[in-house]
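For the numbers below, each heavy atom of this structure counts, side chains included, while hydrogens, waters and symmetry mates do not. Nothing fancy with the numbering, it's 1 onward along the sequence.
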Amino acid sequence: MDSGYEVGFGPGFRIMGKLARRDVPFHATDHVDALFYVKVTAAPFSGCLTSRWSWSVTLNPQVSARIRNYRPRLPAERWGPVSEQVRAVVAAAAPATCDIAQRLLYAVSRLAVWADSVGLPRDPGLWLRTETIDRFILSGLAGRPGGTVQSCRCWLRRTREAVVWVQRGEAPPNRIKADRSPRPPYKKQELAALRRWVELLPGRARLDGLALMALAAGCGLPPCDLRAVRGRDLRAAPQGMVLVDTPWLDRLVACRSEWEETLAELAELAGDDYLFRPGRKAGATKNLVSSWPARHRPHAGLPRLETRRLRATWIVGLLRQRIDPVLIAQAAGMRSVASLSPYFHWVPSISPEQAAELLRGARP
């Protein structure tokens, strides 16, 4: 007997098995242990039967430990009151891997702490309403990079899809579009000043800063490629030319002449290890590249060091020299020349005389 108004009706039953993940939002490849439990009760006065059912899903030990031990970089007085509810929400979403769990914990913890700061009740059901998520994205993440905002919103919506299974009459979510335009290139004097600043940093910070600049501004590599380059991936060619020539890159990249000597020295020091932040066990970790500029900020008067701006400087520099756009797109790892179109904004027009000479061509 569950209460004074309901009585048990027959035995309950359980169904144990594996819950396939291919149809849930996280698209993991494995299955998780699941238990489906059903119990039927009867109301003595109306005679109506009520079926009570529940799901339980068991997470693997590694994911469980990641959720239990999670500590965000937030003040303890703000994190403490919502910590257990955040862990419960993430556990209910049943993440398959530690990486997915980490991303969910980051997004949900920021949402919960923000909701608490603006006076909303400590209720996950309220946190995961579309209007709450949209309000958090528009105000709680104001000033964050567009990619961070989009990523956070994506993981919150996935959490909602995994946990909230009932229709609640909510308005559709707002359409939010991140700015995908490329970052402006550095001016020549800005890049030179940043290079002088990096060269004055102590020890490993100097070498990592130079590797970051040489690979991004000298070779145009994005963070996903930059972090994987090892000393053995660089090849010296005649006349001091340095090439990034490795099968995993799937393209040949020649370093700009002003960075050749620096890159060759870094390659010799690195040997078989990584050029940028050597000694790490994992080839790619979250925020591996972006964390360096976050920890090392130039003095007042200098712009912040950004990998996207360094790469844009490399692309625009080549375009200004009227190098074949097809060659630039190939070296940049772009799918087509059309990807270069936003960068032409920073390429000055040539004079009418130069244009006429180019259009005329050489005499046969």
Side-chain angles (χ1 to χ4, degrees), residues 19 21-28 32 34 52-57 59 63-180 286-287 290 294:
L19 181 64
R21 291 178 174 275
R22 60 180 178 272
D23 294 326
V24 298
F26 303 109
H27 304 291
V32 291
R52 304 177 184 275
W53 53 276
S54 61
W55 280 100
S56 64
V57 176
L59 306 181
V63 173
S64 300
R66 179 63 61 91
I67 295 174
R68 287 196 308 267
N69 300 329
Y70 180 69
R71 297 292 186 277
R73 294 180 180 178
L74 294 168
E77 62 274 12
R78 299 181 64 189
W79 164 243
V82 299
S83 59
E84 293 307 314
Q85 287 175 309
V86 169
R87 294 190 180 99
V89 169
V90 174
T97 66
C98 289
D99 180 63
I100 293 175
Q102 184 72 24
R103 292 172 184 270
L104 294 179
L105 287 163
Y106 176 89
V108 177
S109 64
R110 267 62 184 179
L111 171 65
V113 168
W114 170 84
D116 210 42
S117 69
V118 297
L120 294 178
R122 292 169 184 165
D123 177 11
L126 181 59
W127 297 345
L128 295 176
R129 294 187 70 89
T130 54
E131 55 265 33
T132 306
I133 293 175
D134 286 347
R135 183 182 169 192
F136 166 66
I137 293 298
L138 293 172
S139 60
L141 293 179
R144 298 287 184 92
T148 301
V149 173
Q150 284 286 83
S151 176
C152 198
R153 183 173 187 257
C154 175
W155 286 104
L156 288 175
R157 291 186 66 182
R158 290 186 177 188
T159 304
R160 170 187 162 79
E161 291 169 4
V163 176
V164 181
W165 290 15
V166 295
Q167 298 294 327
R168 302 192 289 185
E170 300 174 52
N174 294 325
R175 298 183 65 87
I176 301 176
K177 185 177 180 181
D179 183 13
R180 297 293 182 181
K286 185 180 179 182
N287 300 327
S290 61

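Inter-residue side-chain proximity for Q102 and T97 is flagged as unmet; no heavy-atom pair is nearer than 4.5 Å.
Residues R66 and C98 approach most closely at NH1-O, 3.7 Å, considering heavy atoms. Across every non-hydrogen atom of A112 and V86, the tightest pair is CB-CG2, 3.5 Å. Looking at every heavy atom in both residues, L128 comes nearest to R160 through O-NH1, 2.8 Å. Contact detail for D116 and P81: the closest heavy-atom pair is OD2-CB, 4.4 Å. Across P95 and V90, no two heavy atoms sit closer than the pair CD-O, 3.1 Å. Taking each heavy atom of P121 and W127 in turn, the nearest pair found is O-NE1, 3.5 Å.
With sequence neighbours excluded, no residue forms a side chain to side chain donor-acceptor pair (under 3.5 Å) with R135. In this structure S64 satisfies the side-chain contact (heavy atoms from CB on, under 4.5 Å) test together with L59, R68, sequence neighbours excluded.
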Task: Residue pair V108, W155: steps toward the side-chain contact (heavy atoms from CB on, under 4.5 Å) verdict - done: CA-CA 8 Å; V108 177; W155 286 104; over 6 Å; no

Open item on the list: Determine whether D134 and R153 satisfy the following criterion, side-chain contact (heavy atoms from CB on, under 4.5 Å), listing intermediate values before the conclusion.
Closed with: CA-CA 8 Å; D134 286 347; R153 183 173 187 257; 3.8 Å; yes

Task: V113/V82 under side-chain contact (heavy atoms from CB on, under 4.5 Å): CA gap, chis, key distance, verdict - done: CA-CA 7 Å; V113 168; V82 299; 4.0 Å; yes

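Electrostatic pairing of R158 and E161 does not count as a salt bridge here, judged by no charged N lying under 4.0 Å from a carboxylate O.
To the nearest 0.5 Å, atom CG of residue D123 and atom CD of residue Q85 are 7.5 Å apart. The structure places CD1 of I137 at 5.5 Å from CG of L156, a figure rounded to the nearest 0.5 Å.
Aromatic ring pairs are classed by plane angle as parallel below 30°, tilted from 30° to 60° and perpendicular above 60°; the pair W114 and F136 is tilted.
Within a 6.0 Å radius of CZ in R71, other residues, nucleotides and ligands contribute more than 12 heavy atoms.
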